[in-house]
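Nothing here was measured: the structure is a model prediction, and the numbers come from that model. Chain A is the first sequence line, chain B the second, and so forth, proteins listed ahead of strands; every chain is numbered from 1.
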Amino acid sequence: MNYLVDIILIALSAAVINNFVLYYFVGICPFIGVSRRVDMAFGMGCAVTFVISIAAFLSWTITTMVLIPGAPLSSFIGGFFMSKEAAATIDLTVLSYIVYIFSISSSVQFVEMYVRKFFPALYKSFGVFLPLITTNCAILFACLTIMSNVVGVENPADVWDLGKSLILALFGGIGFTIAIVIMSGIREDLDICDVPKPFKGAAITLVIGGILALAFMGFTGVDSGLRKAMTRVPETAIVVSTQPSAHTAMIDEFIRGDMNK
Amino acid sequence: MPDQPTASERFLQGILPENPVYRQLLGLCPTLAVTNGMQPAITMAVSVAFVLVCANLVISLIRNLLKPHLRIVIFTLTIATFVTIADKVLAAYLYQMSKTLGPYIPLIIVNCIIICRCEVCASKQSPFIAVSDALGQSIGFGLALSSIAAVREILGTGGLFGVQLLPAAWPDWVIMVLPPGAFITLGLLLGFVNWLSMRKKGGRI
Amino acid sequence: MIEITIGIAAGTMLGMAVIMSYILGWANKKFRVEVDPRVESVLEILPGANCGGCSYLGCSEYAVAVATDNAPVNRCPVGGESCALAIAKIMGVEAGAIIPHRAIVHCGAKKEDRLGRTEYRGEHLCAAATLVAGVQGCTFGCLGFGDCVDSCKYDAIHVIDGLAVVDYDNCIGCGACVKACPRAIITMTDFHEPQIPTVKCSNRDKGKDVTSVCNRGCIGCRICAKTAPDLFVMNGNIAVANHEEYREEMGASALEAIEKCPKDCIGYIGMN
Amino acid sequence: MPDMKSIFETNLGQAWLVLLLAIIFGSSLAGVQAALGPRIEENKLRETLEKVPVVILGQTAVDELQAKEQTLTILPNTVSVTRQGVTKFYTLYRADFADGTTAGWVAKTSGQGYADRIELLVGMDQNAEKVTGLFILDQKETPGLGNKIVEDAWRDQYSGKSTATPFTVVKLPRGGENEIDAISGATISSDAVTNLVNQAVSDLKPRVAELKTPEPKGVN
């Protein structure tokens, strides 16, 4: 039951409440650049949703399999050089940015070649978007959100699994598509309005985007309200257990070092 | 396309005539995100400057080894490395600032300014020109960021760097600190800059 | 401990790079779409500004046109001479001098020449004004609200005294104004000479209708066609200049036609 | 071996630059991490541990202690409390004076606020009868409204109140015990903080009784 609540809340907040474009400001370049016509915007939205899901899958698997301390792969290789438990503490999270961007650009290039070979018509219509997507902040932002929910999370129960990451990516892409399609609808009407000359093009789009963000701000707080409604209020029965986790061991060592400095 | 631009010309171009934010509309994601305060804006500008200069230097050093179809992958790899270094240095020495900037430092990797400068300038010019171009662009980016951050911070919190500028009776425009404020301020400033440059060229209003 | 972490970090990156580039290399070969190698080399030379100056949709379209159905190599205004020569070398075609490709506004009537002008209070956009009948007498001529000026990125066309005039020093021939003009009176033509004669009118009505709406419209009197038959030819009620054939030496007959024109609507235009 | 050369030439060969860069960057980053890693960890921990004494004794008392170069020894342990299958993790710090007597307890907890998670420290006296202080470590509430929970004026409402009855958020004071007046326009944020405090106090109160040192040990 709780897993379902989390899934719905992640989906809702990624799509509408904390919309990638209007709340987190990622993916603004295509938001301004590509939103001339609705069909182009929709094509761009689908391309972003498709690539963001692949990127999320890749980034989650690589993070949990290789990067975090105690990940199966890094401890397996470490095992050869040193003792088992020392190998478990190898921390490769510093590589995460390179690994994400590397996997995103390679997957975009692979998808571009695949679409060019097997769907030439599709490639003609929105093939031009694909290289543009590599430099799209929304994709990397999704990977970073997933990483921040997998690495450095004290409470092991909060660590995200593959399901939650894919849901975030999918609905983040859908949120991006919603925002860019609405904006392109407005911009098509803008062409015949009498916009003062200095404001033509990007400036008016940004101001309209501001008003759109204002409207989307109406959604904040919906997810905390929903969370309260969906999770039953726990009674007072308490089961208490203490076990020294790696986290506390680190704090002890730090404090002892600090105290006798 | 000027085939051999001189270093100083690329440097001066980058600041105002080819300002990355107002003229080329690049790098809007961090511009909107971190300009709710002057301090985060300046830290972001400095880290972008660091990454841009190093990336341009490295790319222009290896420019004749680049294979066309692997170009983008190599650019992003170099930029990502320098961004990670910047992020770690910031987390080590300016911990509070790195918490406020949060996810927007790694987003420098996909910041369109850097990849565009690498592609347009660094992969074709000699290191000296590439670095001067990078410096020009980052100063331009810094100017743009601080101009937006100044407007938003003064209107949003009534003061700059904690110094109270506006009279106490001024009701803080909280919206300026929120996301919609960022869009609207940048939109209006962009319009103003276009208007300024058009008036200079005697264009039609 | 640290060297091992560095070693493993380098190892993971190497492993990932090997896997990724192997997949890309394999995909590159497997999904090889037979693309004419010349298209790619031509595309590399083109500046990639996608400005449409070559009257194709973008550089890639123009590259395909050049490589497959051998379109003229000197069409790229931004690339200019160097780009045309380089493409010609690839295509093994003789480049031919760069013929400037510029815009011509086929209307010469200033505000005071136009009769029957109503007081138009709608949107100050040609796109909107052209929908309203009778904004000005002539239903063919320039409305003067500057849609072409807005569309021009090179500041090469201005509305002076209600008439759009091309500034040939800035015009690179990108064709944006042609698309922007709702009355389609701007055409892109090759300038074989710096200055060429043209008919500054596009009103195809009969003479008496033209005189009722404009002092400078072409009334279809055929005098220019008679005096310089190789330069001007009648197309219904309006004379059309033959820009392709005009050379310097035909200047005399052109000047004669210009004097003889009762409405003075033929004239020289181009770079001075 | 010629075909190996040709394969190498086609697939990986072209990408040799990518491989080389990957190795160089991978190792250089690991080096940077090795150099800066400890410092970053230290920053993270210092930020929390600096606040622990302040939350228990209040800033003035801590400054006096600083003057006498006395510092509290802080012993952390992780407490996991399961309720209805929902396990909640607390880091409970016990701060002792130099002479070993327990100055108080600080619980670090986090929960869903209005916009995002709120992370806070709740200070309690030695046998958790009174809440001594509250400090918000991390919050992303709406600036200007929700983020007023960080201001001292609002936070000090919690200090000095007994932990017997849970706190209630009220719009206008009704004279009841343990009342916290809500921030106007940010009731969700104030509720969120109050619930976090109530939950932490009620979860950890029995826990404190167990962990309390039987009698003050010699100076350790």
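Residue B:Y95 qualifies as enclosed at atom OH: its count of foreign heavy atoms under 6.0 Å is above 12. Atom NZ of D:K130 sits in a sparse spot, with 12 or fewer heavy atoms from other residues, nucleotides or ligands closer than 6.0 Å. Within a 6.0 Å radius of CD in B:Q39, other residues, nucleotides and ligands contribute 12 heavy atoms or fewer.
Annotation: ring pair (Phe, Tyr, Trp, His ring centres under 6.0 Å) contacts of D:F25 (sequence neighbours excluded): none.
The side-chain heavy atoms of B:I62 and D:L21, taken from C-beta on, include a pair separated by under 4.5 Å. Residues D:L17 and B:I74 meet the side-chain proximity criterion, which asks for heavy atoms closer than 4.5 Å.
Across B:A91 and D:N43, no two heavy atoms sit closer than the pair O-ND2, 3.0 Å.
Put simply, CG on B:L90 and CG on D:L36 are 11.0 Å apart, with the number rounded to the nearest 0.5 Å. How far OH of B:Y93 is from CZ of D:R39: 5.0 Å, rounded to the nearest 0.5 Å.
Note: B:A92 leads B:A92, B:A80, B:G156 in heavy-atom pairs under 4.5 Å with chain D.
Contacts of B:T157 with chain D are absent, with no heavy-atom separation under 4.5 Å from either backbone or side chain.
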